[in-house]
Amino acid sequence: ATPTSIMVGTGKAAESGILFKGGEHLEGTHELEAVVLDKTGTITKGKPEVTDFSGDEETLQLLASAEKGSEHPLAEAIVAYATENNIDFLEVEHFEAVPGHGIEAKISGKNILVGNRKLMNDHQINTAGNEEKLVNYETDGKTAMLIAIDGDYRGTVAVADTIKETAPEAIKQLKDLGIEVFMLTGDNERTAKAIAKEVGIDRVIAEVLPEEKAAKVKAIQEQGKKVAMVGDGVNDAPALVTADIGIAIGTGTEVAIEAADVTILGGELLLIPKAIKISHATIRNIR
Ligand code: ADP
Ligand code: MG
């Protein structure tokens, strides 16, 4: 590979909004066989909104007050929803995020739990009778969360995120280039599959804890494949480092951008097949 042609290639990429940290990553991109996409903030816009809430006003007040301490996009959606409904936020005595599960908080002496089935099971909360409702939300691609107060189930909240308009086309182009496309997410399997179906992804790795994301990338590498990971979040950083090529979403966190080899401006997914095409054209010219 001549340094000059690599420079021309990375320059061309930069003009399109694909920022390579070094020329070697253009060569690495040429060898890619699989692309793993994070769901929230990568395939979706990462600006979820509450679509459904069931529970009384006290439950909404405790739910929203508890979520005020979380930085998760799900929490932002719930806080915005409560604000629109003129809910007064209460002072939080204790707050704890449980990665991949939800949150625990103490407010006005009451113990609040918000999260998925796993969180409720871990605390032996009886949520029987809600399964059909949850499955319906999840089949629609919504993320459903359960709320418990002092050990009792008190309500459900469902949140939906919007898919980026160009995601289906970007995934089609990747497949046309012979790339295997995966979705990787901490979200529920049914929700993940509903979103995957909308964008044309058939390989879904769901319910992955933040600390397991890198291991999932490694497992694909162990099948002998060169893998790119695409992500925006702090919890994607180890996977971005593990992948042969880490691709950060330009609208994502600073941590992800620093961990990655490439950044795509504006989070435009069409720039991923474009980067591969530029790498092919560049390397073809060299050989
Ligand atoms: P991702 O970022 O891919 O959605 P996470 O590991 O952050 O994955 O979250 C996995 C699941 O944990 C969520 O789908 C949700 O059910 C639960 N969860 C995470 N954070 C919160 C929160 N602040 N409030 C309620 N539930 C949460
Ligand atoms: Mg994300």
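Along the sequence shown, residues carry numbers from 1. In each ligand, atom 1 is the first atom listed, and ligand 1 is the first ligand listed.
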Which ligand 1 atoms are under 4.0 Å away from a heavy-atom of [X]?
| X | result |
| --- | --- |
| S70 | 23 (N) |
| T143 | 14 (O) |
| I103 | 22 (C), 23 (N) |

Rounded to 10 degrees, the angle OD2 of D38 makes with OD1 of D232 at the Mg ion (ligand 2):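 So the angle at the metal works out to 80°.
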Y153 side chain to N130 side chain, donor-acceptor N/O pair below 3.5 angstrom: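 A pair is found: one side chain offers a donor N or O, the other an acceptor, under 3.5 Å apart.
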Polar side chain donor-acceptor pair, E268 to T166, under 3.5 angstrom: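 Yes, T166 and E268 have a side-chain donor paired with an acceptor closer than 3.5 Å.
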D38 side, atom CG; I205 side, atom CD1 - distance, nearest 0.5 Å: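 It comes to 12.0 Å.
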So which protein heavy atom does [atom] come closest to, and at what separation?
| atom | value |
| --- | --- |
| atom 1 (P) of ligand 1 | G186 N, 4.0 Å |
| atom 6 (O) of ligand 1 | G100 CA, 3.5 Å |
| atom 13 (C) of ligand 1 | L74 CD1, 3.8 Å |
| atom 4 (O) of ligand 1 | T40 OG1, 3.7 Å |
| atom 14 (O) of ligand 1 | D187 OD1, 3.1 Å |

F89 six-ring face occupied by K68 cation (under 6.0 Å, within 45°):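 Geometry flag: set, cation within 6.0 Å and 45°.
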Check this for me: [X], atom [atom1], are more than 12 non-hydrogen atoms of other residues, nucleotides or ligands nearer than 6.0 Å?
| X | atom1 | answer |
| --- | --- | --- |
| E71 | CD | no |
| K193 | NZ | no |
| K274 | NZ | no |
| Q223 | CD | yes |

Side chain to side chain donor-acceptor pair (under 3.5 Å), paired with K225, selected from E180, E31, E33: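 Of E180, E31, E33, side chain to side chain donor-acceptor pair (under 3.5 Å) with K225 is met by E180 alone.
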I201-V208 co-clustered via ILVMFWY side chain contacts under 4.5 Å: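 No: no chain of side-chain contacts under 4.5 Å links I201 to V208.
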H101 touching ligand 1 at heavy-atom level, < 4.0 angstrom: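 Per 4.0 Å heavy-atom rule, H101 contacts ligand 1.
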Close approach, P99 and ligand 1, non-hydrogen under 4.0 angstrom: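 Contact check P99 vs ligand 1: negative.
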Selected option - heavy-atom contact closest to atom 24 (N) of ligand 1, from H72, M145, E76, E67: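 Checking each option, the heavy atom nearest atom 24 (N) of ligand 1 is found in E67.
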Closest to atom 18 (N) of ligand 1 (judged by heavy-atom distance), picking from G102, P73, A66: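 Nearest heavy atom to atom 18 (N) of ligand 1 lies in G102.
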Polar atom proximity, T185 to ligand 1 (N or O, under 3.5 Å):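 Yes; at least one N/O pair falls below 3.5 Å.
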The Mg ion (ligand 2) to nearest N/O/S of T40 below 2.8 Å: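 An N, O or S atom of T40 is closer than 2.8 Å to the Mg ion (ligand 2), so yes.
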